[in-house]
*Asks:* 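This structure is in structure tokens; I'll ask about it shortly.
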Amino acid sequence: MKFRVERDVLAEAVTWVARSLPNRPPVPVLAGVLLEATDDGALTLSTFDYEVSARITVAAEVSEPGTALVLGRLLADISRNLPGKPVDVTTEAAKVQVTCGSSRFALLQMPADEYPTLPTSPEGSGTVDGTLFTQAVQQVQIAADRGDTLPILTGVRVEIQGEKMTLLATDRYRLAMRELVWQPRASDADHIALIPARTLAETAKALGAAGSIEVSLGAATAGGSAGLVGFEAGQRHTTSRLLDGEYPKVSKIFPTTSETEAVIGTELLTEAVKRVALVTERNTPVRLRFADGQVTIEAGTGDDAQASEAIEATVEGPEIEVAFNPGYLLDGLGVLGTTFTRLSFTAPLKPAMMTGQESLEAEIDTTYRYVLQPVRLAG
């Protein structure tokens with residue numbers, strides 16, 4: 001194998017596929033990046049860990065087609081630090097020689113014949129705007145469980161009905177849902193997939209700038225899983241194994257009525273919660289009291305450090321005091337994406353719902369809903 005490629009092109013391609021390399025590969029070859037150079041002037045780089053695959057094709061001057069497998073993270077580190085000149089890559093015996101200007105590296109070849117065959121994506125189901133999809137994933141994945149007690153809650157549930165795509169995630173303490181419009185291949189598209197949240201977030205972030213993302217989903221099964229999901233943008237392709245199992249029916253948790261409604265400037269509330277939360281210890285809540293056109297935020301009691309701050313708010317309905325985990329509250333505020341935040345309450349210990357709106361007079365944006373379970377205070 002022998003080819004020449006631009007340094008920035010190689011660095012970007014290796015970095016993109018290497019992002020999905022496992023930290024502790026079950027077999028050594030899975031730590032590698034597979035390089036495949038073909039006669040038509042294409043260089044394809046691939047990674048696969050039996051759960052997530054990534055593949056990208058770039059242009060190269062191929063003198064001798066061939067295949068080589070080298071340590072992925074090492075190649076990524078080298079390619080990012082090469083001088084800004086064309087890179088020549090050749091295979092010689094058991095080594096892969098990387099030359100760029102006066103810089104020379106010799107990498108040990110791994111057994112490419114032991115590398116697993118990459119999975120094939122299901123047939124394309126439709127396309128979605130990359131920026132919109134990235135925002136939606138970011139808004140929802142914050143609520144996915146990060147532990148391993150209930151693996152099914154570490155996923156984002158994606159439901160497709162025609163042109164409507166709904167993303168849903170929960171860790172039992174909060175619940176996030178985002179609805180968006182996409183362009184299905186079939187007007188009667190009907191899919192359900194449970195995608196690992198971390199993988200989905202990384203994929204959306206990596207592909208979102210491409211403008212349009214093609215999504216590939218197989219037919220849904222009774223268990224709510226199609227086995228594999230594929231994403232493609234330009235010459236970048238990635239697949240992910242889906243989680244198995246039936247997602248809990250959590251949609252009924254969304255409040256349908258409210259007793260108290262409060263509208264506050266998102267940035268104003270975010271900064272106030274951050275300041276007050278400075279005195280809290282791990283898992284200690286902040287208290288919010290809504291009354292008389294303001295919300296008072298407090299933390300700490302007794303001999304502990306204490307803090308309080310009052311900010312202006314539009315409050316409709318009876319006074320209410322609730323307590324929230326400050327980290328969970330800030331997570332929702334951080335991805336809301338609107339100038340104002342609307343908080344809806346039914347009772348101090350009932351789930352509260354956060355939505356957004358661009359102004360006090362604007363309609364409520366219900367395409368994103370974040371439900372947060374209040375914390376019961378001692379005494």
Side-chain angles (χ1 to χ4, degrees), residues 52-55 119-141 143-144 152 155-170 175-197 199-254 256 335 337-338 355-356 363-371:
V52 178
S53 75
R55 186 175 79 255
T120 302
S121 293
E123 184 178 350
S125 305
T127 60
V128 62
D129 178 80
T131 302
L132 184 65
F133 185 65
T134 300
Q135 181 196 39
V137 171
Q138 183 184 24
Q139 289 179 318
V140 171
Q141 63 88 24
I152 198 167
V156 172
R157 184 181 187 271
V158 179
E159 181 177 358
I160 290 171
Q161 292 182 327
E163 295 183 347
K164 180 181 177 182
M165 177 185 291
T166 303
L167 283 66
L168 180 72
T170 183
L175 171 64
M177 184 172 76
R178 172 65 192 269
E179 297 174 343
L180 64 155
V181 175
W182 79 313
Q183 295 76 47
R185 292 280 180 84
S187 59
D188 59 348
D190 186 4
H191 301 283
I192 295 176
L194 188 57
I195 308 172
T199 300
L200 183 60
E202 291 176 349
T203 299
K205 183 177 180 181
L207 298 180
S212 180
I213 300 174
E214 180 166 337
V215 183
S216 302
L217 289 162
T221 66
S225 170
L228 196 71
V229 61
F231 299 95
E232 179 179 340
Q235 295 300 313
R236 301 184 178 195
H237 311 257
T238 184
T239 65
S240 172
R241 177 189 62 84
L242 298 180
L243 298 173
D244 290 323
E246 187 171 354
Y247 204 72
K249 302 183 186 303
V250 293
S251 297
K252 61 183 179 182
I253 296 175
F254 287 103
T256 55
V335 300
T338 53
T355 52
E363 292 185 4
I364 305 170
D365 182 4
T366 58
T367 58
Y368 178 62
R369 286 175 278 173
Y370 183 72
V371 173

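Sequential numbering from 1 along the given sequence is applied to the chain's residues. Everything numeric in this text was worked out from a predicted model, so none of it was measured.
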*Asks:* Taking atom types as modelled, find out whether S121 and T239 have a side-chain donor-acceptor pair closer than 3.5 angstrom.
*Replies:*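 Checked: S121/T239 side chains show no N/O donor-acceptor pair below 3.5 Å.
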*Asks:* Would K164 and E159 count as a salt bridge (Lys or Arg N to Asp or Glu O under 4.0 Å) if you check the C-alpha gap in whole Å, the side-chain angles of each, and the deciding distance to 0.1 Å?
*Replies:* CA-CA 8 Å; K164 180 181 177 182; E159 181 177 358; over 6 Å; no
*Asks:* Mind listing the closest non-hydrogen atom pair of I192 and R157 along with its distance?
*Replies:*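 Shortest heavy-atom separation between I192 and R157 comes out as CD1-NH2, 3.5 Å.
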*Asks:* Which pair of non-hydrogen atoms, one from R236 and one from A206, has the smallest distance, and what is that distance?
*Replies:*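 Answer, listing the atom of R236 first, then A206: NH1-O, 3.6 Å.
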*Asks:* Report the distance from atom CZ of F231 to atom CG of L217, rounding to the nearest 0.5 Å.
*Replies:* 7.0 Å
*Asks:* Taking the side chain as every heavy atom from C-beta outward, state whether V156 and V158 have any atom pair closer than 4.5 Å.
*Replies:* yes
*Asks:* Would you indicate whether the side-chain heavy atoms of L242 and L228 approach each other to under 4.5 Å?
*Replies:* no
*Asks:* Test side-chain contact (heavy atoms from CB on, under 4.5 Å) on Y370 and V335 and set out the steps.
*Replies:* CA-CA 10 Å; Y370 183 72; V335 300; 6.0 Å; no
*Asks:* What I'd like to find out is whether the side chain of T338 reaches to under 4.5 Å of the side chain of Y368, using heavy atoms alone.
*Replies:*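 Answer no - side chains too far apart.
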*Asks:* About how many Å separate CD1 of I364 and OG1 of T355, when rounded to the nearest 0.5 Å?
*Replies:* 5.5 Å
*Asks:* Could you check if a side-chain atom of R185 sits within less than 4.5 angstrom of a side-chain atom of E214, using non-hydrogen atoms only?
*Replies:*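 Sidechains of E214 and R185: in contact.
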*Asks:* Atom OG1 of T170 and atom CD1 of I152: how far apart are they, to the nearest 0.5 Å?
*Replies:*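 Answer rounded to 0.5 Å: 12.0 Å.
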*Asks:* Between OG of S125 and CD of Q183, what distance do you get to the nearest 0.5 Å?
*Replies:*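 Between S125 OG and Q183 CD, I get 13.0 Å after rounding to 0.5 Å.
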*Asks:* Answer yes or no: is there a side-chain heavy-atom contact under 4.5 Å between T127 and F133?
*Replies:* no
*Asks:* Tell me the closest heavy-atom pair linking L132 and D129, and the distance in Å.
*Replies:* N-OD2, 2.8 Å
*Asks:* Any idea which heavy atoms bring V140 and M177 closest together, and the distance?
*Replies:* CG2-C, 4.2 Å
*Asks:* What is the distance from atom CZ of R178 to atom OG1 of T367, rounded to the nearest 0.5 Å?
*Replies:* 4.5 Å
*Asks:* With rounding to the nearest 0.5 angstrom, report the OG1 to CG distance, T134 to L207.
*Replies:*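 That separation rounds to 8.0 Å.
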*Asks:* Looking at A197 and A144, what are the two nearest heavy atoms and their distance?
*Replies:* CB-CB, 3.6 Å
*Asks:* At their closest point, which heavy atom of W182 faces which heavy atom of G162, and how far apart are they?
*Replies:*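 Result for this residue pair: NE1-O, 3.0 Å.
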*Asks:* Do the non-hydrogen side-chain atoms of L180 and L167 ever get within less than 4.5 Å of each other?
*Replies:* yes
